[in-house]
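A quick write-up on the structure given underneath.
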Amino acid sequence: MAKKMKAKDGKVYKEVKPFYKKWWFIVIAVLIVMGAIGSQMGSKDGSKPKDTAKVEETSTKKESKQSEAKEEKPKKEASKDDVPKEYSSALKKANSYAKSMKMSKASIYDQLTSEHGEKFSTEAADYAMENVTADWNKNALKKAEDYAKNMQLSKAGIQSQLSSEHGEKFTEEETQYAIDNVKWDWKKNALKKAESYQKNMSMSPDAIKQQLTSEHGEKFTEEEAQYAIDNLSK
């Protein structure tokens, strides 16, 4: 309660407290101080204002969507005009070897890059093999038929030739496809081989049979070799 005091002129006046001593000013000051302390503590523990966090979250989502859109965008395929001349030439050679000579994929690649062959760069050869059009199973089968018809090889001999690193270099699957599908009279091939050994090398029937069945020779079966020996001219 404000005190009364008497002035020199005899009048009585009320004593007024300074504003900074009044209760409402003290309450406001305390609230301001507490707010400042809370703000400083929030800054120290790394917390962020809610509005700032929302802005950053929205920005991150937007960037993520943009990144996904870029990744999902299909790549533009190179046109023929963008392909180097060497690459297109290597591809033409590869298609020619596959179509005309029925070569395997590995054999064509070796021929394209060989110093004794086409001498293309490995990059050009890689491009050619990635884009060559061929049915390698059918190529293997065609080679098998050629070996059976023109060289009178046995079925096992053809299989070895098709898959050999020193032969046609077809894969095991391609070779097996050829062997499963080649249709031939293997007994007649054995007989032709036997006649050749008899005529050109003057070998005895026993020696001929051994050569026909040997793993290092013709690789005919026992039955096929015996048929050949039984039908040799006496």
Side-chain angles (χ1 to χ4, degrees), residues 87 90-114 116-118 120 122 124-201 203-233:
Y87 286 32
L91 177 57
K92 287 180 181 179
K93 280 289 185 180
N95 282 323
S96 177
Y97 281 125
K99 182 178 180 180
S100 302
M101 300 182 68
K102 311 302 179 185
M103 292 172 65
S104 68
K105 194 172 185 178
S107 291
I108 293 173
Y109 183 86
D110 288 347
Q111 183 66 18
L112 292 179
T113 57
S114 173
H116 305 288
E118 302 296 342
F120 283 106
T122 55
D126 288 339
Y127 172 83
M129 302 322 298
E130 288 170 3
N131 293 277
V132 64
T133 302
D135 186 328
W136 307 113
N137 283 339
K138 288 186 177 179
N139 276 14
L141 176 56
K142 180 59 179 175
K143 281 289 185 181
E145 291 169 347
D146 287 345
Y147 279 122
K149 180 180 179 180
N150 299 320
M151 298 183 68
Q152 293 80 47
L153 294 185
S154 67
K155 196 172 187 178
I158 292 173
Q159 185 171 11
S160 296
Q161 185 65 19
L162 291 179
S163 60
S164 173
E165 279 297 310
H166 304 289
E168 300 296 339
K169 302 181 181 180
F170 283 101
T171 66
E172 290 184 9
E173 292 78 10
E174 293 158 0
T175 299
Q176 193 59 54
Y177 174 87
I179 295 303
D180 291 342
N181 289 278
V182 63
K183 307 300 180 184
W184 208 256
D185 189 333
W186 306 110
K187 288 182 179 180
K188 286 187 177 181
N189 272 15
L191 176 57
K192 286 182 179 179
K193 282 289 184 181
E195 291 171 343
S196 176
Y197 282 122
Q198 184 184 55
K199 179 180 179 180
N200 298 320
M201 301 183 69
M203 293 173 65
S204 67
D206 287 343
I208 291 173
K209 184 178 181 181
Q210 184 178 4
Q211 182 65 20
L212 291 179
T213 57
S214 173
E215 278 297 310
H216 304 289
E218 301 297 341
K219 300 182 181 181
F220 283 99
T221 65
E222 284 286 337
E223 183 182 0
E224 292 161 355
Q226 190 60 54
Y227 172 88
I229 297 303
D230 293 343
N231 288 276
L232 276 175
S233 58

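Taking the side-chain hydrogen bond (donor to acceptor under 3.5 Å, both in side chains) definition, one finds that Q159 meets it with nothing, sequence neighbours left out. Applying the side-chain hydrogen bond (donor to acceptor under 3.5 Å, both in side chains) criterion to N139, with sequence neighbours excluded, gives no partner residue. When the side-chain contact (heavy atoms from CB on, under 4.5 Å) test is applied to M203, the partners found at least two apart in sequence or on another chain are Y197, M201, A207, I208, Q211. Residues passing the salt bridge (Lys or Arg N to Asp or Glu O under 4.0 Å) test with E195: none are found, sequence neighbours excluded. Under the side-chain hydrogen bond (donor to acceptor under 3.5 Å, both in side chains) criterion, S104 pairs with S107, sequence neighbours left out. With sequence neighbours excluded, the residues satisfying salt bridge (Lys or Arg N to Asp or Glu O under 4.0 Å) with K209 are E222. Every side-chain contact (heavy atoms from CB on, under 4.5 Å) that T171 has, sequence neighbours left out, goes to E173, E174. Taking E118 as the reference, K93 meet the salt bridge (Lys or Arg N to Asp or Glu O under 4.0 Å) condition, with sequence neighbours excluded. Take N200 and apply the side-chain hydrogen bond (donor to acceptor under 3.5 Å, both in side chains) test, not counting sequence neighbours, and it matches S196.
A distance of 10.0 Å separates CG in D180 from CG in L141, rounded to the nearest 0.5 Å. Here the CH2 atom belonging to W186 is positioned 8.0 Å from the CD atom belonging to E224, to the nearest 0.5 angstrom. The structure places NE2 of H116 at 12.0 Å from CG of D110, a figure rounded to the nearest 0.5 Å. Put simply, CG on N181 and CD on Q176 are 9.5 Å apart, with the number rounded to the nearest 0.5 Å.
Here the closest non-hydrogen pair linking L212 and A228 is CD1-CB, 3.8 Å. Of all heavy-atom pairs spanning Y227 and N231, the tightest one is O-ND2, 2.6 Å. Scanning both residues, A125 and T113, for their nearest heavy atoms gives CB-CG2, 3.4 Å.
A salt bridge (charged side-chain N to carboxylate O under 4.0 Å, His left out) check over residues 99-108, counting only residues at least two apart or in different chains, returns nothing.
Looking at S214, its side chain never comes within 3.5 Å of a backbone N or O of Q210 through a donor-acceptor pair.
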Could you walk me through whether F120 and L91 pass the side chain to side chain contact (heavy atoms under 4.5 Å, CB included) test, one step at a time? CA-CA 10 Å; F120 283 106; L91 177 57; over 6 Å; no
Evaluate F220 against N189 for side chain to side chain contact (heavy atoms under 4.5 Å, CB included), listing each step before the verdict. CA-CA 9 Å; F220 283 99; N189 272 15; 3.9 Å; yes
Would you be so kind as to tabulate the donor-acceptor pairs closer than 3.5 Å made by side chains of residues 127-138, with sequence neighbours excluded?
from : atom 1 : to   : atom 2 : distance (Å)
N131 : ND2    : Y127 : O      : 2.8
D135 : OD1    : N137 : N      : 3.2
D135 : OD1    : K138 : N      : 3.2

Only distances under 3.5 Å count here; give the side-chain donor-acceptor pairs of residues 148-156 to other protein atoms, sequence neighbours excluded, each with its distance to 0.1 Å.
from : atom 1 : to   : atom 2 : distance (Å)
N150 : ND2    : D146 : O      : 3.4
Q152 : NE2    : K149 : O      : 2.9
S154 : OG     : G157 : N      : 2.9
S154 : OG     : E218 : O      : 2.5
S154 : OG     : K219 : O      : 3.3

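Residues Q198 and P205 form no side-chain contact, since every pair of their non-hydrogen atoms from C-beta on lies 4.5 Å or further apart.
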